[in-house]
Trainee: 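Handing you a structure now.
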There are 2 protein chains.
Amino acid sequence: MAGLRERKKEQTRQRLAATAWRLFAERGFEAVTVSEIAEAAEVAKATLFSYFPTKESLALQGVGDEDLAGIVAGRPAGTSPLDALRTHYRDFAVGPMTGIDTEVLVSRVRVIFDSPALSSAAHALLYQQRQKLAEVLAAEHGETAAALMAAQISASLVTLQETFFRRLAAGAALEDARRRLAEDVELAFGLLAHGLDPFASGGRPARDEPAPAEDPITTEDRPRPTGRLRPAA
Amino acid sequence: MAGLRERKKEQTRQRLAATAWRLFAERGFEAVTVSEIAEAAEVAKATLFSYFPTKESLALQGVGDEDLAGIVAGRPAGTSPLDALRTHYRDFAVGPMTGIDTEVLVSRVRVIFDSPALSSAAHALLYQQRQKLAEVLAAEHGETAAALMAAQISASLVTLQETFFRRLAAGAALEDARRRLAEDVELAFGLLAHGLDPFASGGRPARDEPAPAEDPITTEDRPRPTGRLRPAA
DNA sequence: TCTGAAATCAAACCCGGTACGAGTTTTTGT
DNA sequence: ACAAAAACTCGTACCGGGTTTGATTTCAGA
């Protein structure tokens, strides 16, 4: 029962986003003017801004949609937040690719990386995820602890994304990038779960790099250090 | 041998920053116009922008000056990066306060917190520190590992700062805020060093909050989990 | 004291974003 | 089927941050 009105709106919205991305891909984010976009999409500038609040939002549609908080909140009983997230990211890295056009993806990534304004706006979006994650974690841990955990987790995941996309933008094949991502996921969650101390080295590092396993999937949970953090003196 | 010219420049710069902050404190960041600032400081708008590249930079002078990378790079031999940073932050929290005007500090913090634009610009500054930290860590670990560690560390420290400042802005006394910061520092570095797993809990959390020790300083290094990350299968 | 470089200035301009009032289209109630 | 109300769009003028331009002042160094 989609009313005519809503159909038209959706259509216009699509046209705006598509037009914008076409221009961004051609000349880069900063070099394109919103008036230009509006003109090319045959709408008034004011109308454009009734669809998208900012120029950045034209380019960042769908960025930061992945919902960390939701994954953690909806995890099966008996799993730790970290496990839930690890599973999710493993699936993304090694699971089947659901129809992703590499060309498009790479072009989007390039545009975003090339524009400080856009990168920064993207970061701001991801920052909100972190806040929401902190909220759901706060239900189980102290507020401060939750904030810290959320910060660490979110920072790690953002780093994973950045690394992945940077490789893509640098020209790596999608499958290669995904393979390396799979390794990095294990590395990241290892660090998150067990901390940096196993890596710690006073003067010189113990090993240059922790040699990621061949097949990440085979890496199963190791016995956890049970020691509590800061036991009462 | 400070030439007259340079003295005047420095003077003007100071006058601009001071004027700006006076106005920001009175009416908030967004409500003050750069033209206004320029006028009040008796300079042309163009001149103002020859001193400060953006409006934000007028407000964020000195933010993000603390140099994580430097602390890590210049740490005494035999200490891990984490230890060096922990020591540094402990000192800040419990060491002597070197002439800080709480009034001024709080007003600055309030202004920054109240302006999304400003907060976000501050984040961007702190993000640069993180990049530099990653660079120095990359010398000892793999690039990806370094990026992940830097991300975790930097995210944690930013969270500490935010928490500290938020308490101040909420009206807490400086000494109280510092005491709680001291606790949080231990918590944060504990998490960083030993990971989140000791906290991990499947269905329900083991404890609500890990009860920070009374006197953080007495908390000395615990035996480290020696298990390496992802040993070859 | 003269000269050239550096700094300042006012004013016009660009761009992202908002405000406004008037016109047009869809919806809704009857 | 029709009129009133709501929703959407439009052009234009405006605001604020930031840049450009070109003329004018101010300092430094010989």
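None of the values given here were measured: they were computed from a predicted structure. Below, chain A is the first sequence line, B the second, and so on; all start at residue 1.
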Trainee: Roughly, in whole Å, what's the span from CG in A/Leu118 to C1' in C/dG16?
Mentor: 14 Å
Trainee: How close or far is atom P of D/dA28 from atom NZ of B/Lys9, stated in whole angstroms?
Mentor: 13 Å
Trainee: Heavy atoms within less than 4.0 Å of DNA chain D: which residues of residues 28-52 of chain A have one? Give them sorted by number.
Mentor: A/Glu42, A/Val43, A/Ala44, A/Ala46, A/Thr47, A/Ser50, A/Tyr51
Trainee: Do B/Ser115 and B/Arg110 pair up side chain to side chain, a donor and an acceptor below 3.5 Å, judged on atom types alone?
Mentor: no
Trainee: Indicate, yes or no, whether a donor-acceptor pair under 3.5 Å links the base of D/dA28 to the side chain of B/Arg5.
Mentor: no
Trainee: Write down the distance between NZ (A/Lys55) and P (C/dC15), rounded to a whole number of angstrom.
Mentor: 9 Å
Trainee: Looking at A/Asp83, is its backbone amide N or carbonyl O close enough to the side chain of A/Thr87 to form a donor-acceptor pair, meaning the two atoms are under 3.5 Å apart?
Mentor: yes
Trainee: Against the six-membered ring of B/Phe24, is B/Lys55 placed for a cation-pi contact (under 6.0 Å from the centre, within 45° of the normal)?
Mentor: no
Trainee: Can you tell me how far P of C/dA7 sits from CD of B/Glu10, to the nearest Å?
Mentor: 13 Å
Trainee: From CZ of A/Arg7 over to C1' of D/dC8, roughly how many Å is that when rounded to an integer?
Mentor: 16 Å
Trainee: Does the structure place the NZ or CZ of B/Arg13 under 6.0 Å from the centre of the six-membered ring of B/Phe52, at an angle of no more than 45° from the ring's axis?
Mentor: yes
Trainee: I want to check one thing: is the phosphate of C/dT26, taken as OP1 and OP2, less than 4.0 Å away from some side-chain N or O of A/Lys8?
Mentor: yes
Trainee: Is any NZ, NE, NH1 or NH2 atom of the basic residue among B/Glu186 and B/Arg90 found under 4.0 Å from an Asp or Glu carboxylate oxygen of the other?
Mentor: yes
Trainee: State whether B/Arg7 and B/Glu10 are salt-bridged, where the test is any N-O pair (Lys NZ or Arg NE/NH1/NH2 against Asp/Glu carboxylate O) under 4.0 Å.
Mentor: no
Trainee: Just the rounded figure in Å: distance from P of C/dT8 to CD of B/Glu6.
Mentor: 12 Å
